[in-house]
Amino acid sequence: RETESLKFLGVVSFANREARLMVPITARATASQLALDPMLLDFGAVRCHDVGDHLLDVKNLCRDVPARWRARRSTYFKPSPSSGTVLPGQTASVAIRYEPKDLGPHRQDVVFECLGASGEVVQSASVRCVGVSDAVSDKSARLPGGTSATPADFVVPRKYVDPAEVARQ
């Protein structure tokens, strides 16, 4: 999006005086714009009840203002973090996690919304996520819990997908 120059004329009135002051006002209106790279995330085969992770770049194409964004979760694909701010001209990385809960192929779009100053959506962009769950993972591992468990005990470590390995599948 291009930056738009705006020109206005403001009238200032003073109490107890009839004189008015004309003030020229100039402004630039601009909106943030996001670009996602890559546009397709192929997770390949991931066992049911296991996870696979990919990194996605979220770039702010605007050089003037930061871009506030939020991403919607889908059934199988979850962005982390799910919202944030990207400074002008900068790029941020977002991890997309594939968590199949049932067998079969899965294909969904994860939608990223760029937010305006008052929280309204000014742009939407999506990344297509595909994966297949063709086997059930071994669930013999003990689940964390108990009175001595801490929040760190419940974090599932990241398992980044190798694109070269996905291509060979």
> For the residue pair Tyr98 and Asp42, confirm or rule out a side-chain donor-acceptor distance under 3.5 Å.
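There is no such pair (donor and acceptor under 3.5 Å, judged by atom type) between the side chains of Tyr98 and Asp42.
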> Would you say Leu56 and Met39 are hydrophobically clustered, going by side-chain heavy atoms of ILVMFWY under 4.5 Å?
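Same cluster: Leu56 reaches Met39 through Ile, Leu, Val, Met, Phe, Trp or Tyr contacts under 4.5 Å.
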> Restricting to non-hydrogen atoms, name the atom on Asp102 and the atom on Ser133 that form the minimum distance, rounded to 0.1 Å.
O-CB, 3.5 Å
> Between Val58 and Thr91, is a side chain to side chain contact (heavy atoms under 4.5 Å, CB included) present by the stated rule, with each step listed?
CA-CA 5 Å; Val58 178; Thr91 301; 5.9 Å; no
> Restricting to non-hydrogen atoms, name the atom on Val46 and the atom on Pro100 that form the minimum distance, rounded to 0.1 Å.
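Reported closest heavy-atom pair: O-CG, 3.8 Å.
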> To check you understand the geometry: which heavy-atom pair defines the closest contact between Phe43 and Cys129, and what is its length?
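Shortest heavy-atom separation between Phe43 and Cys129 comes out as CE1-CB, 4.1 Å.
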> Step by step, would you call Ile25 with Lys7 a side chain to side chain contact (heavy atoms under 4.5 Å, CB included)?
CA-CA 6 Å; Ile25 302 171; Lys7 294 184 180 186; over 6 Å; no
> Please tell me whether Val132 and Leu103 are part of a single hydrophobic cluster in this structure, the criterion being side-chain heavy atoms less than 4.5 Å apart.
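Result: no, two separate clusters.
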> Let me confirm one number: the CG-CD distance from Leu61 to Gln90, rounded to the nearest 0.5 Å.
12.0 Å
> Answer yes if Val94 and Leu36 sit in the same cluster of Ile, Leu, Val, Met, Phe, Trp and Tyr residues linked by side chain heavy atoms under 4.5 Å apart, and no otherwise.
yes
> Any side-chain heavy atom of Pro88 within less than 4.5 Å of one from Pro66?
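When only atoms from C-beta onward are counted, Pro66 and Pro88 do touch, with a gap below 4.5 Å.
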> Please indicate whether Arg73 has more than 12 foreign heavy atoms, meaning atoms of other residues, nucleotides or ligands, lying under 6.0 Å from its CZ.
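Check fails, neighbour count at 12 or below.
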> Drop me the distance from Glu99's CD to His106's NE2, to the nearest 0.5 angstrom.
12.0 Å
> Return the minimal non-hydrogen interatomic distance between Ser74 and Asp109, and the atom names on each side.
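So the two residues come closest at CB-O, 4.4 Å.
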> Side chain to side chain contact (heavy atoms under 4.5 Å, CB included), that's the test. Do Val121 and Leu115 meet it? Break it down for me.
CA-CA 5 Å; Val121 176; Leu115 306 174; 4.0 Å; yes
> Just how far is it from atom OG of Ser93 to atom NZ of Lys59, taken to the nearest 0.5 Å?
12.5 Å
> Is the backbone of Val136 close enough, under 3.5 Å, to the side chain of Arg47 for a donor and an acceptor to pair up by distance?
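Yes; judged by distance alone, with no hydrogens or angles, the pair exists.
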> Could you tell me which non-hydrogen atom of Ala67 sits nearest to which non-hydrogen atom of Asn60, and how far apart they are?
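Distance-wise, the nearest heavy atoms are N-ND2, 3.2 Å.
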> Which heavy atom in Val127 sits nearest to a heavy atom in Pro38, and how many Å separate them?
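Distance-wise, the nearest heavy atoms are CG2-O, 3.5 Å.
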> Check for a donor-acceptor pair, side chain of Arg72 on one end and backbone N or O of Phe112 on the other, with a separation under 3.5 Å.
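Looks like no, no N/O pair under 3.5 Å.
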> Start with the C-alpha gap between Cys62 and Gln33, add the side-chain angles, then the distance that decides, and say whether side chain to side chain contact (heavy atoms under 4.5 Å, CB included) holds.
CA-CA 6 Å; Cys62 181; Gln33 187 173 9; 5.5 Å; no
> Determine, for Asp53 against Arg97, whether the closest basic-nitrogen to carboxylate-oxygen distance falls under 4.0 angstrom.
yes
> Can you tell me how far apart CZ (Arg107) and CG (Leu40) are? Round to the nearest 0.5 Å.
8.0 Å
> Same cluster or not: are Leu9 and Val11 linked, directly or through other Ile, Leu, Val, Met, Phe, Trp or Tyr residues, by side-chain heavy atoms under 4.5 angstrom apart?
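Shared cluster, yes.
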